[in-house]
Amino acid sequence: MAQPQGIHARKAALRLLDAVLRRGETLDVAFGAATSDVRKFEDKALARAIAGEVLRWLVDLDAAIDSATKQKLPDDAKVRTVLRMMLAQWLRLDTPPHAVIATGLPLLAGGPRRLAHGVFSTLTKREVALPDAPTLPAEVAARWGEPASAIAAGLAEPPPLDLTLRDPAKTEVWKAKLAADSLMPGHLRLPRGESVEKLAGFADGAWWVQDLAASIPARLLGAGEGRHALDLCAAPGGKTLQLAAQGWKVTALDISKRRLDLLKANLKRTGFAAGTVRADALTWEPKHQFDAILLDAPCTATGTARRHPDVLHRIGPRQIEEMAELQAALLERAQGWLKPGGTLVYATCSLEQEEGEAQAERVTLTPKPVLADELPAGISPTEAGWLRTDPGMLAEAGGLDGFFVARWTAD
Ligand SMILES: C[S@@+](CC[C@H](N)C(=O)[O-])C[C@H]1O[C@@H](n2cnc3c(N)ncnc32)[C@H](O)[C@@H]1O
């Protein structure tokens, strides 16, 4: 039987949501397998967009569904997931209701299609709408505390496209060439949805994709002047490229071969050089000490919820505790590898105190506070001299990811 156009993308979105919500996988990890039988790039992107919008607005979509059913559908019922997808397409991706129905109901072949049709039609007739900001799952809102509602407002849309320039002195030139905004030297901001490979400067490595907040940790190490920096947990290499561009002689270490291969491809595209090491930083022993160490530690990545809304549903106390233990062990080791006078920067893209402030409090080196003039306008260091960003900040300029960053020197 002929399948309605676009059905492959919807089936892939359903598989993506199953991987995230049932198996706890990340959207990125699940993407390859979930979309393996989808041929067209646009259909893969559509599957990702549908799953992403469902995860971003899950609590509000469920509230709408529950308002239109007599009996509450189980959370893991397929019909609930299909209805979430149908509503996300109509309310977030501007798909007309008849197209939503034509591509949604076949996902329930042999199942409760009439129920799904009835609930969706009721909600479209009622012209149900989403709030301005997504409602956070209750446990997430409780964890994030006072800034939670501003953060939620910052999660309403996927983020713009941020680029880091290899030569910050050329910011004005590239700003004009790409018709971009810039929030600090070396940073460019374009509307989301730009096709990165087609932009001027991609092939020559004039810039790389990197969120504004993610660009700050390497900036805090300043000019390298040929000195030796260790980029610990380096792949896929955004910060390795920055350090090399800042004149550091970089050793880039990561445990993952797949991710190190991406780092090497990034070095090749940009023409930068760095030594690469595949090793577990928990057991690796350096041959010498370093002038600078950047520890961009593995983390729960809750600060990237704008582009990875799966973190709103996958991450809980167990994952946070696991990451905090790993971060503490990595920080402990890294502190011993600095030359006297050397600088350590610790960073995570997590909004969780356990992965940020609580880690920094245990470091025994001499604090080197982050200064306001090292940051984009509108962002200030904390009283302790650390940096804490979240997606609720710089809202009028398009926001930024959540990061924690701290800096010390060795005596
Ligand atoms: C936050 S990501 C790094 C992002 C990178 N700094 C960048 O800017 O592109 C964390 C990295 O830590 C690596 N990692 C996790 N555990 C590790 C370990 N025990 N030893 C070395 N690398 C590890 C992961 O493979 C991952 O690439």
Side-chain angles (χ1 to χ4, degrees), residues 213-235 237-255 263 272-299 323-350 353-375 381-389 403-411:
S215 77
I216 294 173
R219 289 169 183 266
L220 295 182
L221 287 173
E225 292 158 347
R227 289 173 299 156
H228 207 154
L230 173 64
D231 188 359
L232 196 55
C233 302
K239 298 177 188 70
T240 304
L241 301 180
Q242 278 182 285
L243 290 173
Q246 287 165 213
W248 291 92
K249 189 171 166 225
V250 188
T251 299
L253 180 145
D254 204 279
I255 199 168
L263 183 146
F272 286 120
T276 56
V277 180
R278 183 181 172 206
D280 182 346
L282 294 174
T283 52
W284 179 71
E285 290 298 339
K287 294 195 179 73
H288 55 82
Q289 292 183 311
F290 296 88
D291 299 292
I293 300 179
L294 175 54
L295 172 53
D296 184 26
C299 70
M323 282 300 164
E325 267 177 34
L326 177 57
Q327 290 151 359
L330 290 168
L331 252 178
E332 179 70 31
R333 300 206 85 215
Q335 288 179 67
W337 297 340
L338 276 178
K339 283 185 191 166
T343 306
L344 170 67
V345 167
Y346 170 78
T348 59
C349 58
S350 164
Q353 299 275 317
E354 296 89 330
E355 300 182 78
E357 291 80 352
Q359 298 294 338
E361 269 159 15
R362 286 202 293 266
V363 172
T364 53
L365 302 174
T366 306
K368 187 173 181 195
V370 176
L371 306 174
D373 65 10
E374 297 177 290
L375 304 176
T382 66
E383 266 180 38
W386 300 325
L387 172 65
R388 164 58 78 193
T389 60
F403 254 82
F404 175 84
V405 192
R407 179 173 60 185
W408 302 265
T409 49
D411 294 328

Original post:
How far apart are the closest heavy atoms of A234 and D254, and which atoms are they?
Top reply: N-OD2, 3.2 Å

Original post:
So, Q242 side chain and S215 main chain: donor-acceptor pair closer than 3.5 Å or not?
Top reply: yes

Original post:
What is the distance from atom NZ of K239 to atom CG of L263, rounded to the nearest 0.5 Å?
Top reply: 11.5 Å

**OP:** Please assess W386 against E357 for the test side chain to side chain contact (heavy atoms under 4.5 Å, CB included), listing each intermediate value before the final yes or no.
**Re:** CA-CA 8 Å; W386 300 325; E357 291 80 352; 3.8 Å; yes

Subject >> Nearest-0.5 Å distance, CD of residue E285 to NZ of residue K287 >> reply: 11.0 Å

Subject >> Pairwise side-chain contact, W337 with L232, heavy-atom cut-off 4.5 Å (strictly under) >> reply: yes

Original post:
Of all heavy-atom pairs between A360 and F404, which one has the smallest distance, and what is that distance?
Top reply: CB-CZ, 3.7 Å

**OP:** Quick one: pull up CZ in R362 and CG in L331 and give me the separation to the nearest 0.5 Å.
**Re:** 8.5 Å

Original post:
Between Q359 and E354, is there a donor-acceptor pair closer than 3.5 Å when you use the side chain of the first and the backbone of the second?
Top reply: yes

Original post:
To the nearest 0.5 Å, how far apart are CG in L243 and NZ in K249?
Top reply: 14.0 Å

Original post:
Among D280, V277, L282, whose side chain to side chain contact (heavy atoms under 4.5 Å, CB included) with I255 holds?
Top reply: D280

**OP:** Applying side chain to side chain contact (heavy atoms under 4.5 Å, CB included), run through L365 and L338 and close with a yes or a no.
**Re:** CA-CA 10 Å; L365 302 174; L338 276 178; 3.9 Å; yes

Original post:
Closest approach of A244 and A273, non-hydrogen atoms and distance?
Top reply: CB-O, 4.2 Å

Original post:
Do T364 and Q335 have side-chain N/O donor and acceptor atoms under 3.5 Å apart?
Top reply: yes

Original post:
Roughly how far apart are L221 CG and R407 CZ, rounded to 0.5 Å?
Top reply: 8.0 Å

Original post:
In Å, rounded to the nearest 0.5 Å, how long is the span from CZ of R333 to CD1 of I293?
Top reply: 11.0 Å

Original post:
Within the distance-only criterion (no hydrogens, no angle test), does the side chain of T389 pair as donor or acceptor with the backbone N or O of F403 below 3.5 angstrom?
Top reply: yes

Original post:
Is the H228 ring parallel, tilted or perpendicular to the F290 ring (thresholds 30°, 60°)?
Top reply: perpendicular

Original post:
Within the distance-only criterion (no hydrogens, no angle test), does the side chain of W248 pair as donor or acceptor with the backbone N or O of T240 below 3.5 angstrom?
Top reply: no

Original post:
Where do L295 and A334 come nearest, in terms of heavy atoms and distance?
Top reply: CD2-CB, 4.5 Å

**OP:** For the residue pair L230 and P286, establish whether any side-chain heavy-atom pair is separated by less than 4.5 Å.
**Re:** no

Original post:
Are the side chain of Q327 and the backbone of P298 linked by a donor-acceptor contact shorter than 3.5 Å?
Top reply: yes

**OP:** For residues G341 and T409, report the shortest heavy-atom separation together with the two atoms involved.
**Re:** O-CG2, 4.4 Å

Original post:
Mind checking whether Y346 and W408 have parallel, tilted or perpendicular rings, split at 30° and 60°?
Top reply: tilted

Original post:
Do D291 side-chain atoms and R227 backbone N/O form a donor-acceptor pair below 3.5 Å?
Top reply: no

**OP:** Locate the shortest heavy-atom distance separating G336 from Q289; write the atom from each residue and the value.
**Re:** O-NE2, 3.6 Å

